[in-house]
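Heavy atoms only: backbone and side chains are in, while hydrogens, waters and symmetry mates are out.
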Amino acid sequence: MTAEIRDKDVQNRQGTDEMVPASDMTHMVIAFDDNRLIGDLFGQFDQNLALIERRLGIEAIGRGNQVTIKGSHDGCDQACLALEALYQRLQQGHELHPGDVEGAIRMASAEAGQLALPTLEPRSRLAFAQISTKLKTIVARTPAQDAYIRAMDRADLIFGIGPAGTGKTFLAVAYAAALLERGEIDRVILSRPAVEAGERLGFLPGDIKEKVDPYFRPLYDALYEMMPGEKVERGMISGVIEVAPLAFMRGRTLSNAVVILDEAQNTTAMQMKMFLTRLGDNAKMIVTGDLSQVDLLRGVISGLREALDVLDGVEGIARVRFTERDVVRHELVARIVAAYDKAGAAAHEAAAENAPRVPRA
């Protein structure tokens, strides 16, 4: 693949009459070697190019095996990075989905400083962290997801904190499934606090698996997406894949395993300390949660919030924070999260203003 860059003397800025100097605008032509991949790269009716245009504010026109990109220097550079990354995925035999295109755009537009962990790749090309099993390969779609996957490689205790839809739980389960398939661990242990049932599951019908199944459905979904169904079923019967409420962890030492605690914002301080101290040899713990969705009784401090404060700066622990910019579900979800965050901040400010003033002595 080759790229040719040409600068125009002047360009109209986004269809207006305002003329801008050549230093602000770029005309870039990118050629791709394998014509068989061009249809998938551009998308049906050039929908992938259209998405890149909308997101980056540039013009991208595909002709034959070439793309002509016009726009700002930054926008054109980012579009080039995104297209190169997508082309490399096709060369590796992967299919492209709309989410992959969105992910390439996000990674290309991210500032280098946004990556929470350094990469070994030069900034001139995109390096996507990924998780692979025989059934599926998951590629990071945002800088936070990239940092999260790299953190799971480098640390033994990882906190993934952020709103719904950012992939915290899914990536944790996918990573555990990959290590299990490679034989690097013996077990995968999935846990959640059953807050809605008050950690008192006895009144629910069925055996322990039937009692907790509704709480663990997101974890099951991720497992079945990364591993064949029969392998998941055999693993659960043999105990290689274990599903247990948080209350059942007390007194255990968890070794040779990946242990995932989901919805950790609903743990109490005592439960979180108990869970974290279960870590054994050759084990990793991944703790995920959203501090904006705490379901604990009023006045009860979230164990996740306390752990983040208490363990700040402790060696061997990584934390990755996701925001609404990392939501990879429907784009409306990101706007919903942002709206709720804005409303919550306004309510907090109003409460602070209306708080009674304590007179000075």
So [Y] and [X], do their side chains get closer than 4.5 Å, heavy atoms only?
| X | Y | result |
| --- | --- | --- |
| M227 | L180 | yes |
| I138 | Y175 | no |
| L304 | F159 | yes |
| M236 | Y220 | yes |
| E263 | D295 | no |
| M274 | M249 | yes |
| H27 | T68 | yes |
| L135 | M226 | no |

Distance from [X] atom [atom1] to [Y] atom [atom2], nearest 0.5 Å?
| X | Y | atom1 | atom2 | answer |
| --- | --- | --- | --- | --- |
| T142 | R325 | OG1 | CZ | 10.0 Å |
| L254 | D281 | CG | CG | 11.5 Å |
| L41 | L90 | CG | CG | 6.0 Å |
| R192 | D262 | CZ | CG | 4.5 Å |
| I286 | I260 | CD1 | CD1 | 5.0 Å |
| C76 | I30 | SG | CD1 | 8.5 Å |

*L219 and V243: side chain to side chain contact (heavy atoms under 4.5 Å, CB included), yes or no, with the steps?*
CA-CA 9 Å; L219 303 177; V243 176; over 6 Å; no
*Mind running salt bridge (charged side-chain N to carboxylate O under 4.0 Å, His left out) on K136 and E225 for me, showing each step along the way?*
CA-CA 8 Å; K136 192 166 188 177; E225 194 161 335; 2.3 Å; yes
Connected via hydrophobic side-chain network under 4.5 Å: [X] and [Y]:
| X | Y | value |
| --- | --- | --- |
| L297 | V294 | yes |
| L276 | V314 | yes |
| I61 | I69 | no |

If every non-hydrogen atom of [X] is compared with every non-hydrogen atom of [Y], which pair is closest and at what distance?
| X | Y | value |
| --- | --- | --- |
| N266 | Q271 | O-OE1, 4.1 Å |
| L81 | A108 | CB-CB, 3.9 Å |
| A174 | I131 | O-CG2, 3.5 Å |
| R154 | K284 | N-NZ, 4.4 Å |
| L37 | Q91 | CD1-CG, 3.8 Å |
| A264 | V287 | CB-CG1, 3.3 Å |

May I ask you to decide if [Y]'s main-chain N or O and [X]'s side chain share a donor-acceptor pair within less than 3.5 Å?
| X | Y | answer |
| --- | --- | --- |
| K273 | T268 | no |
| E59 | E53 | no |
| R278 | R252 | yes |
| S191 | L246 | yes |
| N282 | I185 | no |

*Under the salt bridge (charged side-chain N to carboxylate O under 4.0 Å, His left out) criterion, do R305 and D309 qualify, and how do the steps go?*
CA-CA 7 Å; R305 188 182 302 277; D309 292 337; over 6 Å; no
*Check step by step if side chain to side chain contact (heavy atoms under 4.5 Å, CB included) holds for Q78 and R55.*
CA-CA 10 Å; Q78 292 163 6; R55 293 289 185 264; over 6 Å; no
*So Y87 and F32, would you call those rings parallel, tilted or perpendicular, with 30° and 60° as cut-offs?*
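Answer is tilted, since the angle falls between 30° and 60°.
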*I301, CD1: over 12 other non-hydrogen atoms inside 6.0 angstrom*: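 It does not: I301 CD1 has 12 such atoms or fewer within range.
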*Are there more than 12 heavy atoms of other residues, nucleotides or ligands under 6.0 Å from atom CD of E95?*
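No, the 6.0 Å shell around CD holds no more than 12 heavy atoms from other groups.
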*Taking it one step at a time, do T267 and F275 satisfy side chain to side chain contact (heavy atoms under 4.5 Å, CB included)?*
CA-CA 10 Å; T267 61; F275 175 80; over 6 Å; no
*By ring-ring contact (aromatic ring centres under 6.0 Å, His included) - contacts of F322 (at least two apart)*: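 Listed in chain order: Y148.
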*Looking at residues at least two apart in the chain, or sitting in another chain, which of them share a side chain to side chain contact (heavy atoms under 4.5 Å, CB included) with D312?*
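Here the qualifying residues are R319.
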*Sequence-distant partners of R54, side chain to side chain contact (heavy atoms under 4.5 Å, CB included), two or more places apart*: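 Only A50, L51 meet the side chain to side chain contact (heavy atoms under 4.5 Å, CB included) criterion with R54.
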For [X], which residues count as a side-chain hydrogen bond (donor to acceptor under 3.5 Å, both in side chains) partner, sequence neighbours excluded?
| X | answer |
| --- | --- |
| R234 | none |
| R89 | D100 |
| E184 | R182 |

_Set out, in order, the CA-CA distance, both residues' side-chain angles and the distance that settles side chain to side chain contact (heavy atoms under 4.5 Å, CB included) for E181 and K134, then state yes or no._
CA-CA 8 Å; E181 184 176 89; K134 293 178 181 177; 3.4 Å; yes
